[in-house]
Amino acid sequence: MNMTTSTGKLPGHPFLHRRGQQLMLEEVPLADLAARWGTPLFVYSKASMLAALAAYQRGLAGRKAQICYAMKANSSLAVLQLFARAGCGFDIVSGGELERVLAAGGDPAKVIFSGVGKTRAEMAQALRAGIGCFNVESESELDVLHRVASELGRIAPVSLRVNPNVDAKTHPYISTGLKDNKFGIAHENALAAYRHAASLSGLRVVGIDCHIGSQITDSAPYLDTIDRILDLVEEIEKAGIAIAHIDLGGGLGISYNGEAPPAADDLWSALLARFDARGHGGRQFMIEPGRSLVGNAGVCLTEVLYLKPGEEKNFCIVDAAMNDLPRPAMYEAFHQIVAVCENPGPGTLYDVVGPVCESGDWLGRQRLLHVAPGELLAVLSAGAYCMSMASNYNTRGRPAEVLVDGSQVHLIREREDARDQMRSERLV
Ligand code: LLP
């Protein structure tokens, strides 16, 4: 299937293009990387990540603002290092993620800690590291954080994650701003929770946050959220509790299959107009984008192992699987799949599947491809929530990762082998 434009660009993937038949990321032919490091292989474009970040930075220019990369999208050290050097803070959800930020040279003061189930050990670790803010998700978490901070003789900076009850109109598994899910504090209980937080000596209220969901491709849910949050901010401040920053949670969705989310700078100009109109333009703004910074910066290269024609369906069996790319199996998510070297001529419809022993192990259904065993496919939009969600199911080693920078390439993670996986195990 030829999805390239006349300029050789793939829509939605500005750093991926064809030179002749060859698929290139920036200045690097992807086939060369597969030949050198094998498959499955994740490859990321540095320029693509920085361009995605720059759109947020432009949108927030001239304001007090902090962009905290939601590292759950892709937590590889070199990716964190790139964003740390570009001035980002980080949105973390575990003590492990905090260790990664520190190992990558991130500034703990720019770290915010989200999540409904922080343990006491993780709270203590984050307090010792001096993180910028805990995004607290329940009243009982406030009490525990107060006790842990008091025991350490520290004061925990807190923001309460308020559930605005806004429908992000995204997949139910990644929609988080509605009443009936586990996240955040209900809007109607928020003022009482803020009063409680302000009464605890181990805590200092610094902000308010929310997160309505992921893969949002429209600005309307954000605009609805702002109004709900500002109503609350005004109420909380009337009660004598100052709110320094407003954190709008995760970032925009990306184009997997022709979706057209607004550009981050356009989104922010609409959001800031709303903040300004209500007299809140001088606040400190925060946002926690994950997917939109890395998703379309990455591809996963995989080799075709076998073609298996069938009566009902044809299968294209590749060497990447649901353990490497879990999104189709988990969310029935769509990722474009293209040949790394385009063959002329008509294609055949295939279900692209991996070697794992489950019928749910598919990467794409009914895809028109002209390929032969031994040839390479690229699964697109694989920079976010792929490697970071990869597992060792079927004792498959997780793939290697490469960062492309112009014509330079850096191996940023070696392929895992069975010995790596067995290292922490013991026979009895
Ligand atoms: N902040 C919080 C509190 C979050 O829970 C998330 C994502 C983000 C920020 C980042 O959202 P983003 O900018 O990436 O939309 N594994 C799923 C996505 C799960 C998102 C979970 N929370 C997927 O592959 O689609």
Side-chain angles (χ1 to χ4, degrees), residues 49 52-53 55-56 59 66-75 79 83 88-94 97 111-118 133-138 141 159-164 166 168-178 181-185 207-219 221-222 225 229 246-257 259 261-262 264 267-268 286-298 300 322 324-335 363 379-391:
M49 294 187 195
L53 174 65
Y56 284 96
Q66 180 64 57
I67 299 165
C68 289
Y69 167 54
M71 60 180 282
K72 62 169 81 71
N74 185 324
S75 52
V79 172
F83 286 123
C88 284
F90 296 91
D91 171 48
I92 64 166
V93 289
S94 71
E97 286 196 343
V111 167
I112 53 180
F113 193 168
S114 301
V116 290
K118 304 173 192 78
C133 184
F134 289 84
N135 287 355
V136 174
E137 302 223 14
S138 63
E141 186 188 335
S159 160
L160 297 196
R161 173 166 173 181
V162 174
N163 205 334
V166 163
K169 300 202 170 57
T170 180
H171 189 285
Y173 282 13
I174 53 177
S175 180
T176 52
L178 284 167
N181 60 53
K182 67 178 176 181
F183 298 102
I185 294 171
I208 190 165
D209 68 280
C210 60
H211 173 72
I212 50 178
S214 197
Q215 184 53 14
I216 300 171
T217 52
D218 178 13
S219 26
Y222 283 103
T225 301
I229 292 292
I246 300 178
D247 175 350
L248 292 181
L252 289 158
I254 60 170
S255 172
Y256 286 101
N257 189 20
E259 301 91 328
L267 172 74
W268 271 101
M286 316 244 281
I287 187 147
E288 308 159 2
R291 189 189 316 267
S292 49
L293 296 189
V294 292
N296 275 346
C300 181
M322 64 187 287
D324 310 300
L325 291 158
R327 302 190 70 258
M330 273 186 89
Y331 317 112
E332 304 205 341
F334 180 95
H335 285 257
L363 304 181
V379 179
L380 308 191
S381 309
Y385 302 114
C386 290
M387 187 61 184
S388 62
M389 288 172 58
S391 77

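Both counts, for ligands and for their atoms, begin at 1 and track the order of listing.
When ring centroids are compared, Phe334 and Tyr256 stay outside the 6.0 Å threshold.
Checked for salt-bridge contact, Arg161 and Asp247 miss the test: no charged N lies under 4.0 Å from a carboxylate O.
The closest approach between a heavy atom of Ala73 and any atom of ligand 1 is not below 4.0 Å.
Under the 4.5 Å side-chain criterion, counting only non-hydrogen atoms from C-beta, Met322 is not in contact with Pro328. Counting heavy atoms from C-beta on, the side chains of Ser114 and His211 never come closer than 4.5 Å.
When non-hydrogen atoms are compared, ligand 1 lies under 4.0 Å from the side chain of Asp91 (C-beta onward) but not from its backbone. Contacts with ligand 1 closer than 4.0 Å are made by side-chain heavy atoms of His211 only, the backbone lying farther away. Neither the backbone nor the side chain of Phe183 has a heavy atom within less than 4.0 Å of ligand 1.
Counting atoms of ligand 1 from 1 in the listed order, those under 4.0 Å from a heavy atom of Met389 are 16 (N). When each atom of ligand 1 is checked for a heavy atom of Ala70 under 4.0 Å away, the hits are 8 (C), 9 (C), 10 (C). Counting the atoms of ligand 1 from 1 in the order shown, those under 4.0 Å from a heavy atom of Gly290 are 12 (P), 13 (O), 14 (O). Residue Gly251 has at least one heavy-atom neighbour below 4.0 Å for each of these atoms of ligand 1: 12 (P), 13 (O), 15 (O). When each atom of ligand 1 is checked for a heavy atom of Pro289 under 4.0 Å away, the hits are 13 (O). Near Arg291, the atoms of ligand 1 lying under 4.0 angstrom from a non-hydrogen atom of the residue are 12 (P), 13 (O), 14 (O), 18 (C), 23 (C), 25 (O). Taking every heavy atom of Ser214 and a limit of under 4.0 angstrom, the matching atoms of ligand 1 come to 11 (O), 12 (P), 14 (O), 15 (O), 20 (C). For ligand 1, the atoms lying closer than 4.0 Å to a non-hydrogen atom of Glu288 are 1 (N), 2 (C), 3 (C), 8 (C), 9 (C), 10 (C), 13 (O).
The CD1 atom of Ile229 lies 9.5 Å from the CD1 atom of Ile212; values are rounded to the nearest 0.5 Å.
Of the listed residues (Lys72, Met330, Met71), the one carrying the non-hydrogen atom nearest atom 6 (C) of ligand 1 is Lys72.
Of the possible donor and acceptor atoms, one in the side chain of Gln215 sits under 3.5 Å from a partner among the backbone N and O of Ile254. Formation of a donor-acceptor pair under 3.5 Å by the Asn163 side chain with backbone atoms of Phe183 is found in this model. For the pair Tyr331 (side chain) and Pro326 (backbone), a donor-acceptor distance under 3.5 Å is absent.
In the model, Glu288 has a side-chain atom that pairs as donor or acceptor with a side-chain atom of Asn135 under 3.5 Å.
At under 3.5 Å, not a single nitrogen or oxygen of Arg161, backbone or side chain, sits near a nitrogen or oxygen of ligand 1. Considering backbone and side-chain atoms together, Ser114 places no N or O closer than 3.5 Å to any N or O of ligand 1.
Remark: Lys118 fails to qualify as a cation-pi partner of Phe134 under the 6.0 Å distance and 45° angle criteria applied to the six-membered ring.
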